[in-house]
2 protein chains.
Amino acid sequence: MLHDPAQLDLMFQALADPARRQMVDRLSRGPASVSQLAEPLAMSLSAVVQHLNVLEASGLVRTEKLGRVRTCRIEPQALRAAEHWINERRLAWERRLDLLGDFLAETKDET
Amino acid sequence: MLHDPAQLDLMFQALADPARRQMVDRLSRGPASVSQLAEPLAMSLSAVVQHLNVLEASGLVRTEKLGRVRTCRIEPQALRAAEHWINERRLAWERRLDLLGDFLAETKDET
DNA sequence: TCAATACTGAAGTGATTGCTTCACTATTGC
DNA sequence: GCAATAGTGAAGCAATCACTTCAGTATTGA
């Protein structure tokens, strides 16, 4: 479920917007209500709610409504999935470079 | 330079598209020409070149033209920067949870 | 009970994206 | 030299995006 390519798509798309990354950044320091999330952003509350819905659909953020206040928090598992995708590709490349290095060193020895 | 928020923006935006992620995935297994990159993708060569330009502008991919062939390769440093941004936020959240856990454990002892 | 608070939802708008096609240039193998 | 190869660039187009405003609904504190 976490490595579902469609979910990964939603996550990277969610992270692509600077306002949404700022919201994730804020939430990494602790839960927040929609208004608290909106406070540092120069846009309407409606716009913030729309961003929040994108984040929630991506799985990066979970929200819970108590009374009239919606409290938002980060879902670290989802962050980990995005992190993992990048990490795998970077490691694949670096392993390739290491193997190539070894190969070049060996063939150098043989000449 | 690598933690320049504008560059980070370009990187996450570049990773938001599935075709571009597929290209990064292909390049993680080794360098490729534009045509090789295009081969598994169901779109025109022109479209692939446009995606490639986005990837290059973001710093995730570096290209080099020799004769009529443009060879593309991954820039692991840029991947690391995106990875790092996510990792920092996730760790901040997890540290917070740990501290909260400690606090709750302590106050429980005191009652 | 009534006003303030905290959102929610729909409609509209202008900008950006992800393609397409077509015409073009530069390089290379024969 | 000339055809095939490899890529480039511009124009156009439909869909999606990131907002806006405005009108609405619960919830809550005094």
Side-chain angles (χ1 to χ4, degrees), chain A residues 5-27 30-75 82, chain B residues 5-27 30-75 82:
Chain A
Q7 197 68 13
L8 211 56
D9 217 78
L10 290 175
M11 285 193 294
F12 277 113
Q13 224 166 116
L15 289 174
D17 186 273
R20 284 192 296 262
R21 278 208 311 285
Q22 207 179 321
M23 289 165 77
V24 168
D25 188 44
R26 166 64 187 80
L27 290 176
S33 71
V34 177
S35 318
Q36 286 174 327
L37 229 42
E39 196 258 328
L41 297 170
M43 64 179 73
S44 73
L45 193 62
S46 251
V48 172
V49 170
Q50 287 172 57
H51 280 307
L52 185 56
N53 291 339
V54 172
L55 285 169
E56 194 165 18
S58 78
L60 285 167
V61 165
R62 190 166 41 86
T63 75
E64 185 185 12
K65 194 155 186 172
L66 267 180
R68 61 184 164 177
V69 178
R70 176 143 76 134
T71 303
C72 315
R73 62 194 78 241
I74 266 187
E75 200 59 78
Chain B
Q7 197 68 13
L8 211 56
D9 217 79
L10 291 174
M11 285 193 294
F12 278 113
Q13 224 167 116
L15 289 173
D17 187 273
R20 285 193 295 262
R21 277 207 311 284
Q22 207 178 321
M23 290 166 76
V24 168
D25 188 44
R26 166 63 188 81
L27 290 177
S33 71
V34 176
S35 318
Q36 287 175 325
L37 228 42
E39 197 257 328
L41 298 170
M43 64 179 73
S44 72
L45 193 62
S46 251
V48 172
V49 171
Q50 287 171 56
H51 280 307
L52 185 56
N53 291 340
V54 172
L55 284 169
E56 194 164 19
S58 78
L60 286 167
V61 165
R62 190 166 39 87
T63 76
E64 185 184 11
K65 194 156 185 174
L66 268 179
R68 61 183 165 178
V69 178
R70 174 142 78 132
T71 304
C72 314
R73 62 194 78 240
I74 265 186
E75 200 59 77

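Just so it is clear, the values below take in all heavy atoms, side chains as well, and ignore hydrogens, waters and symmetry mates. The chains referred to below are lettered A, B, ... by the order of the sequence lines, with proteins before strands, and numbering in each begins at 1.
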Categorize A:Ser33 for me: base, sugar-phosphate, or nothing, with a 4.0 angstrom heavy-atom threshold over every strand shown.
sugar-phosphate
Identify whether any heavy atom of A:Gln36 sits under 4.0 Å from a base atom; if not, whether one sits that close to sugar-phosphate; answer base, sugar-phosphate or nothing.
nothing
Just compare [options] and give me whichever is closest to any side-chain atom of [X].
X: B:Arg68; options: C:dA4, D:dA18, C:dT27; answer: C:dT27
X: B:Val49; options: C:dC7, D:dT8, C:dT20; answer: D:dT8
X: A:Gln13; options: C:dC19, D:dT21, D:dC17; answer: D:dC17
X: B:Arg70; options: C:dG18, D:dT8, D:dC19; answer: D:dT8

Over how many whole Å does the gap from [X] atom [atom1] to [N] atom [atom2] extend?
X: A:Asp9; N: C:dG18; atom1: CG; atom2: P; result: 11 Å
X: A:Asp17; N: C:dA15; atom1: CG; atom2: P; result: 18 Å
X: A:Leu66; N: C:dT5; atom1: CG; atom2: C1'; result: 16 Å
X: A:Glu39; N: C:dC7; atom1: CD; atom2: C1'; result: 17 Å
X: A:Leu37; N: C:dT8; atom1: CG; atom2: P; result: 12 Å

May I ask you to evaluate whether [X] reaches the phosphate of [N], defined as a side-chain N or O under 4.0 Å from OP1 or OP2?
X: A:Ser44; N: D:dC19; result: no
X: B:His51; N: C:dC19; result: yes
X: B:Lys65; N: C:dT27; result: no

Using a distance-only criterion (donor-acceptor N/O pair, under 3.5 Å, no hydrogens), is the base of [N] paired with the side chain of [X]?
X: B:Gln50; N: C:dC19; answer: yes
X: A:Ser35; N: C:dT5; answer: no
X: A:Ser46; N: D:dT21; answer: yes

For B:Arg20 and B:Gln13, work out which heavy atoms get closest and say how close.
NH2-O, 3.2 Å
Would you name the heavy atoms of A:Met11 and A:Ser58 that are closest together and state the gap between them?
CG-O, 3.2 Å
Please determine if B:Arg70 and B:Glu56 form a salt bridge, counting it only when a charged side-chain N lies under 4.0 Å from a carboxylate O.
yes
Between the main-chain N or O of A:Ala38 and the side-chain N or O of A:Arg26, is there a donor-acceptor pair closer than 3.5 Å?
no
Taking for each residue the nucleotide of DNA chain D with the nearest heavy atom, is it A:Ala16 or B:Asn53 whose nucleotide lies nearer the 5' end?
B:Asn53
Between A:Ala42 and B:Leu45, which has a closest nucleotide on DNA chain D that is more 5'?
B:Leu45
Less than 4.5 Å apart, side chain to side chain, heavy atoms only: is that true for B:Val61 and B:Leu52?
yes
